[in-house]
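What follows is a short report on a single structure.
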Amino acid sequence: MRQQRKSIRAIAAALALTLGFAGTAVAADYPAKPVTIVIPFGAGGGSDSLVRMMQPAIEENLGSDVIPLNVPGAGSVTGSRRVLDADADGYEVLVNHTTLLTAIAGGKADFGVDDFDLVASGATMPLVVVVPASSPHKTLGDLIAAAKDTSTPTIAGVNIGALNHFAMGMIEAADADQAYRYVQTGGGAATTSALLGEHIDVGVLAAPEARGIIDSGDVRALAALTAGRIPYLPDLPTASEQGVNVEIGIEYSWYMPKGSPDIAKTAFASAIRKAMTDTDLTAALDERGISPSYYEGETAETRVHDLLTHLKTVAAGMN
């Protein structure tokens, strides 16, 4: 059936070329060729895995093949810029998450979120605050109290300027008397190794990554940085429950180059929306600890801009 649809699209495009109206016909028949999804991170990571999990559902709902393309570098800035500079024809899509906003807020990116067309936001991974199993800290309050004692530095392992750094910065900003010594550990895998090796006092990890070592007792989770408790970590209180108003996660958004055709943005948004209600996919996402969230239009725009504004405030306090 899909091959038949492709054949019909190819015939229509060829006819349009003959008549001299190719541009109009292709736009009206979007998508008339495969769509490239640029993943600004390396192969095998969380973002790459998410896109490849979603790929069959996106293809089915879009009525076209999609091609995942990994373009890592500069904390997601390299791949993001590729899409920024691409033709605004709807055939190149960026999937990025809160890291794009931290790159902009921290000055690592020389462009803004409004330089793209935001198509939709969909799929979220929660973050958790984690300490080594041997840590004396049992609650977020214990950690904060320790961070107020300047005689013994509290070492936070982060990827400087990235999301885990901003998350710790938000915790620090919640009580001005705290002070952490930030050391460069890197992303989730490197920070996990540092926690397991007891080289750092605290780190922030994606809950799906941390789930196994929390359940095994190799580390201790102090708080979920979520609005409500994480279903697969029901005994873990949120930061807000402990009096620390910090809420941030890895929320994915899908962008096209500025000025992309409305028909392309609408079609791709619809494909993501339908994917987020596909029972097989949502079950797979739930199994991985990923929430199948979805926002579009003004709601998505407001969420992204509000978070970016907050992150810029956090960045100012971190400098």
Take Val304 and Leu118 through the side-chain contact (heavy atoms from CB on, under 4.5 Å) test and state the conclusion after the steps.
-> CA-CA 9 Å; Val304 166; Leu118 175 60; 3.9 Å; yes
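- In the hydrophobic cluster analysis, where Ile, Leu, Val, Met, Phe, Trp and Tyr join through side-chain heavy atoms closer than 4.5 angstrom, Ile39 is grouped together with Ile58.
- Interatomic distance, His305 NE2 to Thr309 OG1, rounded to the nearest 0.5 Å: 7.5 Å.
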Report the C-alpha separation of Phe41 and His97 in whole Å, then their side-chain angles, then the decisive distance to 0.1 Å, and conclude whether the ring-ring contact (aromatic ring centres under 6.0 Å, His included) test is met.
-> CA-CA 11 Å; Phe41 304 97; His97 52 67; 5.0 Å; yes
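- Under a cut-off of 6.0 angstrom, the local environment of CG in Asn245 is sparse, with at most 12 non-hydrogen atoms contributed by other residues, nucleotides or ligands.
- Cation-pi check for Arg81 over Phe111 is not met; the charged atom does not lie both under 6.0 angstrom from the ring centroid and within 45 degrees of its normal.
- Of the candidates Leu100, Val204, Ile248, Ile248 is the only one forming a side-chain contact (heavy atoms from CB on, under 4.5 Å) with Leu163.
- Remark: Glu172 CD to Gln178 CD distance equals 6.0 Å, nearest 0.5 Å.
- With rounding to the nearest 0.5 Å, the separation of CZ in Arg82 from CG in Leu84 is 12.5 Å.
- When atom types are taken as modelled, the side chain of Glu92 and the backbone of Val35 share no donor-acceptor pair closer than 3.5 angstrom.
- No donor-acceptor pair closer than 3.5 Å links the side chain of Tyr252 to the backbone N or O of Met125.
- No donor-acceptor distance shorter than 3.5 angstrom exists from the side chain of Ser76 to the backbone of Pro72, with no hydrogens or angles considered.
- Between Val77 and Ala103, the shortest heavy-atom contact is CG2-CB, 4.0 Å.
- In plain terms, the two heavy atoms of Val158 and Met168 that are nearest each other are CG1-CG, 4.2 Å.
- A donor-acceptor pair under 3.5 Å is absent between the side-chain atoms of Ser49 and the main chain of Gly46, judged by distance alone.
- For the residue pair Ser134 and Glu198, a side-chain donor N or O sits within less than 3.5 Å of a side-chain acceptor on the partner.
- For the pair Val128/Leu236, a side-chain contact is recorded, criterion being any heavy-atom separation below 4.5 Å from C-beta on.
- Between atom CG of residue Leu205 and atom CG of residue Leu195 there is a gap of 6.0 Å, rounded to the nearest 0.5 Å.
- Residue Val183 is not grouped with residue Ile171 when hydrophobic side chains (ILVMFWY) are merged at heavy-atom distances under 4.5 angstrom, including chains of intermediate members.
- A donor-acceptor contact shorter than 3.5 Å is absent between the side chain of Ser135 and the backbone of Val131.
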Step by step, would you call Thr238 with Glu247 a side-chain contact (heavy atoms from CB on, under 4.5 Å)?
-> CA-CA 9 Å; Thr238 67; Glu247 181 184 332; over 6 Å; no
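- Within 6.0 Å of NZ in Lys312 there are 12 or fewer heavy atoms belonging to other residues, nucleotides or ligands.
- Between Asp65 and Lys33 there is no salt bridge, since no side-chain nitrogen of the basic residue lies less than 4.0 Å from a carboxylate oxygen of the acidic one.
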Apply side-chain contact (heavy atoms from CB on, under 4.5 Å) to the pair Ile155 and Tyr180, showing each step before the final yes or no.
-> CA-CA 6 Å; Ile155 300 173; Tyr180 295 90; over 6 Å; no
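- With hydrogens and angles ignored, the 3.5 Å screen pairs no side-chain donor or acceptor of Gln184 with any backbone N or O of Asn159.
- When all heavy atoms of Pro208 and Pro126 are compared, the pair lying nearest together is CD-O, 4.1 Å.
- Using cut-offs of 30° and 60° on the angle between ring planes, the pair Phe268 and Trp254 is tilted.
- With rounding to the nearest 0.5 Å, the separation of OG in Ser121 from OH in Tyr255 is 6.0 Å.
- In this structure, CG on Asp89 lies 9.0 Å from CE on Met256, to the nearest 0.5 angstrom.
- Ion pairing between a basic and an acidic side chain is recognised when a charged N comes within 4.0 Å of a carboxylate O; Asp117 and Lys258 show such pairing.
- A donor-acceptor pair under 3.5 Å is absent between the side-chain atoms of Thr191 and the main chain of Thr185, judged by distance alone.
- With a 6.0 Å radius and a threshold of 12 heavy atoms from other residues, nucleotides or ligands, Arg288 has its CZ atom at or below the threshold.
- No more than 12 heavy atoms of other residues, nucleotides or ligands sit less than 6.0 Å from atom CZ of Arg181.
- Cluster annotation: Leu222 and Ile230 are assigned to distinct hydrophobic clusters (Ile/Leu/Val/Met/Phe/Trp/Tyr, side-chain heavy-atom contacts under 4.5 Å, transitive).
- Note on Ile214 and Leu143: separate hydrophobic clusters, where clusters join Ile, Leu, Val, Met, Phe, Trp and Tyr whose side-chain heavy atoms are under 4.5 Å apart, directly or indirectly.
- No donor-acceptor pair under 3.5 Å is formed between the side chain of Thr124 and the backbone N or O of Ser293.
- No side-chain N or O of Glu287 forms a donor-acceptor pair with one of Tyr232 less than 3.5 Å apart.
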Are Val129 and Val202 close enough, and set up right, to give a side-chain contact (heavy atoms from CB on, under 4.5 Å), and what steps lead you there?
-> CA-CA 7 Å; Val129 181; Val202 61; 3.6 Å; yes
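- The same ILVMFWY cluster, assembled from side-chain heavy atoms under 4.5 Å apart, contains both Leu281 and Ile290.
- Without hydrogens or angle criteria, Thr102 side chain to Thr99 main chain gives a donor-acceptor distance under 3.5 Å.
- At distances below 3.5 Å, at least one donor-acceptor pair connects side-chain atoms of Asp142 with backbone N or O atoms of Thr139.
- Of all the heavy atoms in Gly169 and Val314, the pair that sits closest is C-CG1, 4.1 Å.
- When ring centroids are compared, Tyr30 and Tyr91 come within the 6.0 Å threshold.
- Contact check on Lys274 versus Glu60 returns no salt bridge, with no Lys/Arg side-chain nitrogen under 4.0 Å from an Asp/Glu carboxylate oxygen.
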